[in-house]
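Here is the structure we will look at.
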Amino acid sequence: VLAVADAAGRPIPPAALERMKQGLRAFVEGRIARDSPLPTADLAIRKVAALDALARHGAARPEDFATFAVEPERWPTSALLDWIGVLQRVDGVPDRDARQAQALRLLRARMDLQGSALNFSTARDDALWWLMASTDANAARAVLATLGEPEWREDLPRMIRGVLGRQQRGRWDTTVANAWGVLALAKFAQAYESAPVDGHTTLALGAARAHQAWSSG
């Protein structure tokens with residue numbers, strides 16, 4: 001909730017925001033224990049997701065990394081994206097630039113843009129339904145994570161087409177994926193399509209002609 005609200009620019013009431021931040025911090029520090037509903041070793045994945053949410057509100061700290069093993073090459077793509085978000089937002093992280101560059105290289109290595117849809121080589125292990133993670137959500141989040149990275153600028157139009165190509169019957173696979181997908185399209189439009197549409201189109205059928213000036217809507 002915190003991550004999506006931040007990305008969408010939707011404010012959360014201050015009292016509710018503070019309680020959510022306190023709860024996430026207690027979880028990261030181990031003062032609150034929340035076992036996984038499945039017999040799986042996903043504590044680090046859940047902690048980095050909590051840190052991403054905290055980082056979006058200036059409440060994550062470099063020392064928080066000591067509470068879990070930092071192994072981005074072994075994490076599912078959702079956790080890798082969380083880790084990229086943490087590194088982009090938390091100051092004072094030792095070797096932050098090198099760590100962020102490594103994480104972005106890992107993301108690029110996992111991406112498959114050969115077809116009409118954006119996919120990942122780790123897709124089989126990325127469907128963490130109990131954590132509300134899916135490949136559709138990861139595709140949209142990958143666009144958001146790389147929008148501000150200059151070396152990804154040429155890839156982003158293909159990525160956004162790939163995100164759209166993942167839709168089935170006009171929607172992505174989960175409610176969370178739909179939220180991230182809408183945000184990715186909106187942020188991409190702000191960055192790449194902010195100039196007003198100009199020019200005109202002429203349609204002809206036999207002797208009939210029709211003209212449309214795009215500036216007039």
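On a predicted model such as this, the values are computed, not experimentally measured, just so you know.
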After noting the C-alpha distance and the side-chain angles of D126 and T77, does the key distance pass the side chain to side chain donor-acceptor pair (under 3.5 Å) rule?
CA-CA 6 Å; D126 286 343; T77 301; 2.9 Å; yes
Just do the side-chain contact (heavy atoms from CB on, under 4.5 Å) check on L80 and R110 with the steps written out, would you?
CA-CA 11 Å; L80 178 61; R110 295 181 183 192; 4.0 Å; yes
Does the side-chain contact (heavy atoms from CB on, under 4.5 Å) test come out yes or no for L164 and L185, once each step is laid out?
CA-CA 9 Å; L164 288 169; L185 293 176; 3.9 Å; yes
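Going from atom CH2 of W172 over to atom CG of N178 covers 6.5 Å, rounded to the nearest 0.5 Å. Note that CZ of F65 and NZ of K47 are 13.0 Å apart. Values are rounded to the nearest 0.5 Å. Interatomic distance, CD of Q102 versus CG of D95, reported as 10.5 Å (0.5 Å rounding). One distance of note links CG of L87 with CG of D82; it measures 11.0 Å at 0.5 Å rounding. Here E29 contributes atom CD and L24 contributes atom CG; the two are 11.0 Å apart, rounded to the nearest 0.5 Å. Taking OG1 of T174 as the reference point, atom CH2 of W129 lies at 13.5 Å (rounded to 0.5 Å).
Of the possible polar contacts, one joining the D64 side chain to the R61 backbone as a donor-acceptor pair under 3.5 Å is found. R89 places no side-chain N or O within 3.5 Å of a backbone atom of G58 that could act as its donor or acceptor partner. Between the side chain of K187 and the backbone N or O of L144, no donor-acceptor pair lies under 3.5 Å. The closest donor-acceptor contact from the side chain of T146 to the backbone of E149 lies at 3.5 Å or more, if one exists at all. Distance alone, capped at 3.5 Å, places no donor-acceptor pair between the Y192 side chain and the L156 backbone. Side-chain atoms of D125 never come within 3.5 Å of backbone atoms of P76 as a donor-acceptor pair (strictly under, hydrogens ignored). In terms of modelled atom types and a separation under 3.5 Å, the side chain of K21 and the main chain of A59 share no donor-acceptor contact.
The shortest distance between side-chain heavy atoms of F120 and L107 falls below 4.5 Å. Considering only heavy atoms from C-beta on, F27 comes within 4.5 Å of L43 through its side chain. Put simply, the side chain of R166 reaches to within 4.5 Å of the side chain of N119, judged on heavy atoms. When side chains are defined from C-beta on, S121 does not count as touching D112, because their heavy atoms never get closer than 4.5 Å. At a threshold of 4.5 Å between non-hydrogen side-chain atoms, the residues M159 and F188 do not count as touching. Counting heavy atoms from C-beta on, the side chains of V93 and Q100 never come closer than 4.5 Å. Here the side chains of L203 and H211 are not in contact, with every heavy-atom distance at 4.5 Å or above. Considering only heavy atoms from C-beta on, V48 comes within 4.5 Å of W75 through its side chain.
Here the closest non-hydrogen pair linking A204 and R209 is CB-NH1, 3.2 Å. Of all the heavy atoms in R96 and Q88, the pair that sits closest is NH1-O, 4.1 Å. Between S78 and L128, the closest heavy-atom pair is OG-CD1, 4.0 Å. Between A103 and I84, the closest heavy-atom pair is CB-CG1, 3.6 Å. Of all non-hydrogen atoms in D136 and A177, the two that sit nearest each other are CB-CB, 3.8 Å.
Looking at S134 and D173, their side chains do bring a donor and an acceptor atom within 3.5 Å of each other. For D42 and W130, the side-chain atoms include at least one donor-acceptor pair closer than 3.5 Å.
By the 6.0 Å contact criterion, CD on E154 is open, its count of non-hydrogen atoms from other residues, nucleotides or ligands being 12 or less. The number of heavy-atom neighbours closer than 6.0 Å to CZ of R171, taken from other residues, nucleotides and ligands shown, is 12 or below. Under a cut-off of 6.0 angstrom, the local environment of CD in E151 is crowded, with over 12 non-hydrogen atoms contributed by other residues, nucleotides or ligands. Applying the 6.0 Å contact sphere to CD of Q114 captures no more than 12 heavy atoms from other residues, nucleotides or ligands.
There is a path of hydrophobic side-chain contacts, each under 4.5 Å, that joins V90 to V70. Both M132 and W180 are part of a single hydrophobic cluster, where members link through side-chain heavy atoms under 4.5 Å apart. The hydrophobic cluster containing L81 does not contain V182, counting ILVMFWY residues as joined when their side-chain heavy atoms lie under 4.5 angstrom apart, directly or transitively.
Cation-pi contact between R99 and W83: absent, since separation from the ring centre below 6.0 Å together with deviation from the ring axis within 45° is not met.
Ionic pairing of R141 and D52 is present here: one or more N-O contacts between side-chain nitrogen and carboxylate oxygen are shorter than 4.0 angstrom.
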